[in-house]
There are 2 protein chains.
Amino acid sequence: MKKKKEEKLEYSSPACTARLTSLDDALYVIGGKWKLKIIIALHDGAKRFNELQRTVLGISARVLSNELKDLEMNGFVKRKVQPDIPVTVTYEVTEYSHTLQNVLDALSEWGIKHRAKIRKERSVSTKPAKK
Amino acid sequence: MKKKKEEKLEYSSPACTARLTSLDDALYVIGGKWKLKIIIALHDGAKRFNELQRTVLGISARVLSNELKDLEMNGFVKRKVQPDIPVTVTYEVTEYSHTLQNVLDALSEWGIKHRAKIRKERSVSTKPAKK
């Protein structure tokens, strides 16, 4: 058993393992195709469900509904019921979602630079490289 | 048609749209469950396929193989064939993958903080909140 553990350590330094763990933790909560996009859209201001669906292009109502529930449960989004007639429901970001600022900034900045690089490489196309 | 465009702008400011676009660009290339994890594992040093699979816990050989092809195509990873006997193949990160440093740092830092928050909230469990 001891030998096996040593063998494993060879392939991955403790620093690398710690980094992978913290990345895992982050991606576990905010990974996937939509969560960060929804948060960015709501940073722009509280929105009703339909407004949000129109901002986050390509998301279906069913997926948006599920993602909002997850985001609410994890403390990123607040659902607010306005006692107007008819009752309106809006979604807004919480204070905690602002802890993601550095992540969003880093991703956006990198996206801009990557697009510039791809544009330079293929001066014709404007779409980033295939996933 | 013009009316429709104006209506859309109402829901999403130009700054928000630009941010969503650059985030889209980033997630298009480095989104998904595995790519950043593979890059972090290789930042730790060049690895053979099996070493890499042991470091990135939970990835299947088929998925790892596909992800490596994508990462190679997008210029993040280099495949190196060593002319030893038997021939060994290793994977390493490219210079370009280091442009992701800020993204990886921001995600790791956030993951650490989020885990601390969750731990504080549920002093028993050590797993971050459900996705």
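Each chain gets a letter, A, B and so on, in the order the sequences are listed, and its residues count up from 1.
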Of all heavy-atom pairs between [X] and [Y], which one has the smallest distance, and what is that distance?
X       : Y       : result
B:Leu27 : A:Lys33 : CD1-O, 4.3 Å
B:Leu20 : A:Lys37 : CD2-O, 3.5 Å
A:Cys16 : B:Ala41 : SG-CA, 3.9 Å

Nearest-0.5 Å distance, [atom1] of residue [X] to [atom2] of residue [Y]:
X        : Y        : atom1 : atom2 : value
B:Leu36  : A:Leu23  : CG    : CG    : 5.5 Å
A:Thr99  : B:Lys117 : OG1   : NZ    : 7.5 Å
B:Ile118 : A:Asn74  : CD1   : CG    : 6.5 Å
A:Leu107 : B:Asp25  : CG    : CG    : 11.0 Å
B:Asn102 : A:Asn102 : CG    : CG    : 9.5 Å

Which residue out of [options] racks up the most heavy-atom pairs below 4.5 Å with chain B?
options                     : answer
A:Val56, A:Thr21, A:Asp105  : A:Asp105
A:Gly75, A:Ser22, A:Ala106  : A:Ser22
A:Ile112, A:Leu71, A:Leu100 : A:Leu100

Answer yes or no: does atom CD of A:Glu121 have more than 12 heavy-atom neighbours from other residues, nucleotides or ligands under 6.0 Å?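 Check passes, neighbour count above 12.
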For the pair A:Tyr96 and B:His114, evaluate side chain to side chain contact (heavy atoms under 4.5 Å, CB included) and give the outcome as yes or no after the intermediate values. CA-CA 10 Å; A:Tyr96 187 60; B:His114 184 68; 2.7 Å; yes
